[in-house]
Amino acid sequence: MAAPLVAEPGCSLRQVLAESGTSPRNSLVETGRESVVAGCHGNGDCPRWGEVLIYNDDSDIVHEEPHQGVKLGQLTSTAICGNDITGSCFYVTGSLAAAAGVWAPVGAVFASATLWLFRWVYTEAVTAMPFNGGIYNVLLNTVHSKKVAGLVATLTMLSYIATCVVSALTAGSYLQTIIDPTKKDPMEAGCYILPVSVGLIAGWAVLKIVGISESATVAACIFVVHLAVMLLLMVMTFLSIAIPTSGLPFGEVVNNLQANLQYTGGGADISKKIVLGFSNAMLGVSGFESSANFVEEQREGVFPKTLRNMWYSVSILNIVFILECVFATRLEHLVQERDNALAYLGRQAVGRWLEILVSLDAAMILAAAILTSYVGIGGLAARMATDRCLPAVFQRSDRLTTVLFMLTCISLVLILRGSSAKLSACYSFAFLTVMLVFALSLFVLQANRPKLPRALKNNLLIPALAAVLVIIALAGSVVSSTEVLPVFGMYLGILILSVGLFLYRLRLLRRVSALVRLGLCCPLRSCAGLVARLADRVQQESSVVYFSKTANICRLNEAIQYIIRNEDTNLVRVVHVYDDETAILAHLVPFCQMLDVIYPYVKVDVVFVKGRFGAPIIMHLSRRWSIPPSLMFITCPTSEREGRRLSDLRGVRIIMGHEEETIETTRFAQAQAEAEAASWTSRVLASDQPSLQPPSTPAAHGFCASWPQTPVSLLRAGATGEDVEARPVSNDALVATMVSRGIARQVWHLDMQREQPLSR
């Protein structure tokens with residue numbers, strides 16, 4: 001296909017693309033195509049060359065503001081995630097007392113300080129990329145591997161599983177307190193903790209399948225009632241401790257302090273007890289990341305406020321309650337009641353009526369946390385299925401997700417025999433690992449997306465200190481619960497294996513196909529065609545889109561390489577959205593044609609769409625091509641205006657850094673090639689044919705040796721398409737060769753936006 005020229009005033013885009021030229025790059029493209037086709041030997045495995053498409057009729061594009069829907073305010077947003085995090089005080093208080101004794105309040109203070117650091121970590125990361133998905137979304141838009149994001153997402157899945165199981169068991173323990181407080185062992189006859197827990201998990205699964213979902217209004221009501229009960233417990237306990245004539249005489253408070261100090265061991269191993277207390281206290285801040293999983297449903301500016309509100313509430317509840325337990329109870333007795341510690345505190349400080357009220361509140365709030373887990377895992381699985389990290393069935397319906405999640409949670413309850421301590425340890429491992437990855441992801445975000453607008457930009461000491469504190473807490477959890485590691489590793493391994501098999505399914509199919517061809521049995525060889533058809537079907541499921549606003553061949557090369565590494569597709573549409581036909585990108589088509597030959601098993605189409613880039617264009621192309629917006633890619637925007645529109649772009653994926661960075665990184669290749677190619681280039685520009693003797697510059701020679709011989713030599717040697725695709729061409733080699741072949745005099749001509757073609 002001939003290279004288009006820049007349009008003259010009044011010429012249409014179709015007329016421009018109809019023009020033919022004799023530039024060196026056209027000869028290079030045609031020579032490369034002929035060589036690749038010759039290398040196929042007519043075996044039917046020849047690639048399809050890309051096409052040029054023009055959509056200049058924008059009448060069927062719905063030009064409307066992105067649909068906002070009913071956005072959640074501060075109270076409802078805080079309530080949805082607050083029900084999870086403030087409910088953790090029901091199961092963390094007993095664990096904290098067992099681990100640190102009288103030093104437990106110090107561990108709670110350290111946990112609060114750690115959470116304060118993560119307020120700023122989450123604020124920067126999520127406001128930079130305000131899409132649902134939490135850590136999965138951050139990694140997907142910052143690292144260069146979708147597979148890394150998908151595998152890390154398994155930690156979030158395991159965290160949802162542990163949240164559901166711990167919440168169900170704790171709710172069962174508090175209900176058992178109302179039924180019969182003498183029965184505490186889940187495996188004991190007459191104890192209903194295990195049946196109630198399994199019933200809650202299964203019951204919510206049934207309700208989820210029939211269509212129930214979270215209601216923001218109901219969540220807000222539950223949250224307000226829960227905080228009211230907690231405030232009542234806090235105030236009544238404080239009055240009992242502070243007033244000598246109340247239910248706790250002053251002498252009994254003193255005796256409690258002395259007994260608790262003796263139970264802790266006095267001043268021995270203070271640092272160890274504080275570290276263990278800190279590790280267990282971090283379990284009380286679980287759920288802090290949940291607000292990031294529905295940030296798209298929140299009003300602008302609400303997300304940082306939800307983090308602030310959660311930090312205040314969980315810090316006050318966890319620190320005050322464990323402090324009151326030290327004064328109002330004997331910790332050795334509290335540890336025996338660790339599964340319903342706050343109900344025991346209410347009974348000791350006030351009486352049976354407060355114990356029952358706290359138990360009912362615990363059952364209500366923890367049951368809501370179970371539903372939150374179902375909704376969270378369903379949303380994450382659907383998002384990952386849209387990104388092709390999981391099968392598409394998880395996107396079409398969440399029923400399969402619900403059933404699998406229910407079975408996994410029930411199996412974990414039965415394997416650990418309802419032990420809340422072991423289940424809490426599994427929860428800590430998953431949650432703390434997710435927090436650690438979130439802190440580390442901020443380094444990647446600032447390195448790879450430094451100019452992306454966000455609410456604030458942290459000093460890197462903040463995520464560094466947060467990561468160190470989480471590592472200490474994680475180490476304490478591992479040391480104190482080593483017997484749980486095999487169970488945790490088994491469930492994490494199953495999740496990683498399940499996601500990994502789908503992420504690497506195309507590569508596995510190709511390996512299986514190669515093994516089948518080697519089989520000596522004829523029936524096995526007959527399966528080779530079936531496996532090959534399955535591999536082709538995977539590649540043809542859906543194409544991907546890359547929106548390019550410039551004709552930067554280095555950016556285009558990086559985009560194609562990213563797609564080859566991360567997406568199992570053989571069709572890439574490079575889309576340029578334009579307003580004015582007289583200012584089109586003349587070099588976009590020939591540059592894409594060059595890449596089409598360099599990577600012959602990926603068809604590269606060039607699509608010109610008239611209009612203004614935004615949500616209407618994205619949704620129009622999504623409907624036209626049946627491609628979800630999450631499989632449409634962009635370069636990280638450089639302007640403040642464009643950056644703030646990310647939340648309106650329906651979840652398109654950022655796969656690269658900024659446009660101007662490529663020019664900086666390719667100057668070395670330019671200097672390397674120009675020194676030897678200056679005189680040779682001038683001769684090429686004066687002739688009609690490109691030189692057949694390129695200079696011997698290392699970078700240029702490396703690419704010239706692979707252009708167009710590399711695809712041909714590989715094909716003639718019987719290589720597969722995967723082997724050809726695995727030979728990426730570096731930008732340095734690409735630029736140096738183009739300069740040396742006379743296609744461009746300098747690197748600036750490789751970033752053609754509005755320049756004229758090179759004069760001949």
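- Residue I319 comes nearest to S112 through the heavy atom pair CD1-CB, 4.2 Å, listed as atom of the first residue, atom of the second, then distance.
- Of the options S88, S373, S290, a side-chain contact (heavy atoms from CB on, under 4.5 Å) to T163 is made by S373 and by none of the others.
- Side-chain atoms of R330 do not come within 3.5 Å of backbone N or O of A259 as any donor-acceptor pair.
- Applying the 6.0 Å contact sphere to CZ of R119 captures more than 12 heavy atoms from other residues, nucleotides or ligands.
- Using a distance-only test at 3.5 Å, with no hydrogens or angles considered, a donor-acceptor pair links the side chain of W204 to the main chain of A367.
- Looking at heavy atoms from C-beta onward, Q348 lies out of side-chain contact with H333 at the 4.5 angstrom threshold.
- You'll find the side chain of Y91 stays beyond 4.5 Å of the side chain of L169, heavy atoms only.
- Looking at V326 and L257, their side chains come closer than 4.5 Å, going by heavy atoms from C-beta outward.
- Using a 4.5 Å heavy-atom threshold, the side chains of L456 and W120 count as touching.
- Between K71 and V302, the closest side-chain pair of non-hydrogen atoms is not below 4.5 Å.
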Review point. M129 and N137: side chain to side chain contact (heavy atoms under 4.5 Å, CB included), yes or no, with the steps?
Key: CA-CA 8 Å; M129 282 167 291; N137 168 66; 3.9 Å; yes

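- Side-chain contact between K208 and V375 is present, with heavy atoms from C-beta onward closer than 4.5 Å.
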Point to revise | I209/V403 under side chain to side chain contact (heavy atoms under 4.5 Å, CB included): CA gap, chis, key distance, verdict | key: CA-CA 8 Å; I209 290 174; V403 172; 3.9 Å; yes

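- The backbone N or O of L357 lies less than 3.5 Å from no partner atom in the side chain of D361, so there is not a single donor-acceptor pair.
- The shortest non-hydrogen separation linking L283 to S428 is CD1-OG, 3.7 Å.
- The CG atom of L194 sits 6.0 Å away from the CG atom of L414 when rounded to the nearest 0.5 Å.
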Distance-only criterion, 3.5 Å: show the donor-acceptor pairs between side-chain atoms of residues 468-481 and protein atoms not counting sequence neighbours.
from	atom 1	to	atom 2	distance (Å)
S477	OG	A473	O	3.2
S480	OG	G476	O	2.9
S480	OG	S477	O	3.2

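- Taking CG of L261 as the reference point, atom CH2 of W103 lies at 7.0 Å (rounded to 0.5 Å).
- Within the model, atoms CZ of F327 and CG of L345 stand 13.0 Å from one another, a figure rounded to the nearest 0.5 Å.
- Within 6.0 Å of CZ in F238 there are 12 or fewer heavy atoms belonging to other residues, nucleotides or ligands.
- Using a 3.5 Å distance cut-off with no hydrogens or angles, the side chains of E297 and N132 do pair a donor with an acceptor.
- A search for salt bridge (charged side-chain N to carboxylate O under 4.0 Å, His left out) contacts involving R352 returns E355, not counting sequence neighbours.
- The main-chain N or O of V92 is never found under 3.5 Å from a side-chain atom of S95 such that the two would form a donor-acceptor pair.
- The side-chain heavy atoms of T76 and T217, taken from C-beta on, include no pair separated by under 4.5 Å.
- Here CZ of R308 is found 5.0 Å from CD of Q74. Values are rounded to the nearest 0.5 Å.
- Taking the six-membered ring for Trp and the full ring otherwise, F118 and F438 have centroids separated by 6.0 Å or more.
- In this model, a donor atom of one side chain and an acceptor atom of the other lie less than 3.5 Å apart for S291 and T306.
- The closest donor-acceptor contact from the side chain of E124 to the backbone of N458 lies under 3.5 Å.
- Between the CD1 atom in I494 and the OG atom in S411 there is a gap of 8.0 Å [rounded to 0.5 Å].
- Under the 3.5 Å distance criterion, the side-chain polar atoms of N340 are left unmatched by any main-chain donor or acceptor of S359.
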Practice item. Test side-chain hydrogen bond (donor to acceptor under 3.5 Å, both in side chains) on S286 and Y427 and set out the steps. Key: CA-CA 9 Å; S286 57; Y427 193 6; 3.1 Å; yes

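- Scanning all heavy atoms of the two residues, the minimum distance from T86 to S313 falls at CG2-OG, 3.6 Å.
- Using a 3.5 Å distance cut-off with no hydrogens or angles, the side chains of T156 and Y136 do not pair a donor with an acceptor.
- Remark: I201 CD1 to I410 CD1 distance equals 6.0 Å, nearest 0.5 Å.
- The two residues G133 and N293 make their nearest non-hydrogen contact at C-OD1, 3.5 Å.
- Without hydrogens or angle criteria, N260 side chain to L331 main chain gives a donor-acceptor distance under 3.5 Å.
- Surrounding CD of Q262 are at most 12 heavy atoms belonging to other residues, nucleotides or ligands under 6.0 Å away.
- Residues P105 and L323 share a closest heavy-atom pair of CG-CD1, 3.7 Å.
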Practice item. Take F429 and L485 through the side chain to side chain contact (heavy atoms under 4.5 Å, CB included) test and state the conclusion after the steps. Key: CA-CA 9 Å; F429 297 159; L485 283 175; 3.6 Å; yes

Exercise for review: Let me see the working for T114 and F278 under side chain to side chain contact (heavy atoms under 4.5 Å, CB included), right down to the final yes or no.
Suggested key: CA-CA 10 Å; T114 304; F278 170 50; 3.4 Å; yes

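- Shown here are the side-chain hydrogen bond (donor to acceptor under 3.5 Å, both in side chains) partners of Q395, two or more places apart in sequence or in another chain: there are none.
- Remark: the backbone N or O of I161 is not paired with any side-chain donor or acceptor of Y491 at under 3.5 angstrom.
- Separation of the F90 and H226 ring centroids falls under the 6.0 Å cut-off.
- Contact record, A111 with A281: CB-CB, 3.7 Å, taken as the closest heavy-atom pair.
- Side chain of T177 to main chain of S173: a donor-acceptor pair is present (N/O by atom type, distance under 3.5 Å, no hydrogens or angles).
- Side-chain N or O atoms of D84 include none that pairs as donor or acceptor with a backbone N or O of I80 at under 3.5 Å.
- Side-chain contact between Y344 and Q336 is absent, with no heavy-atom pair separated by less than 4.5 Å.
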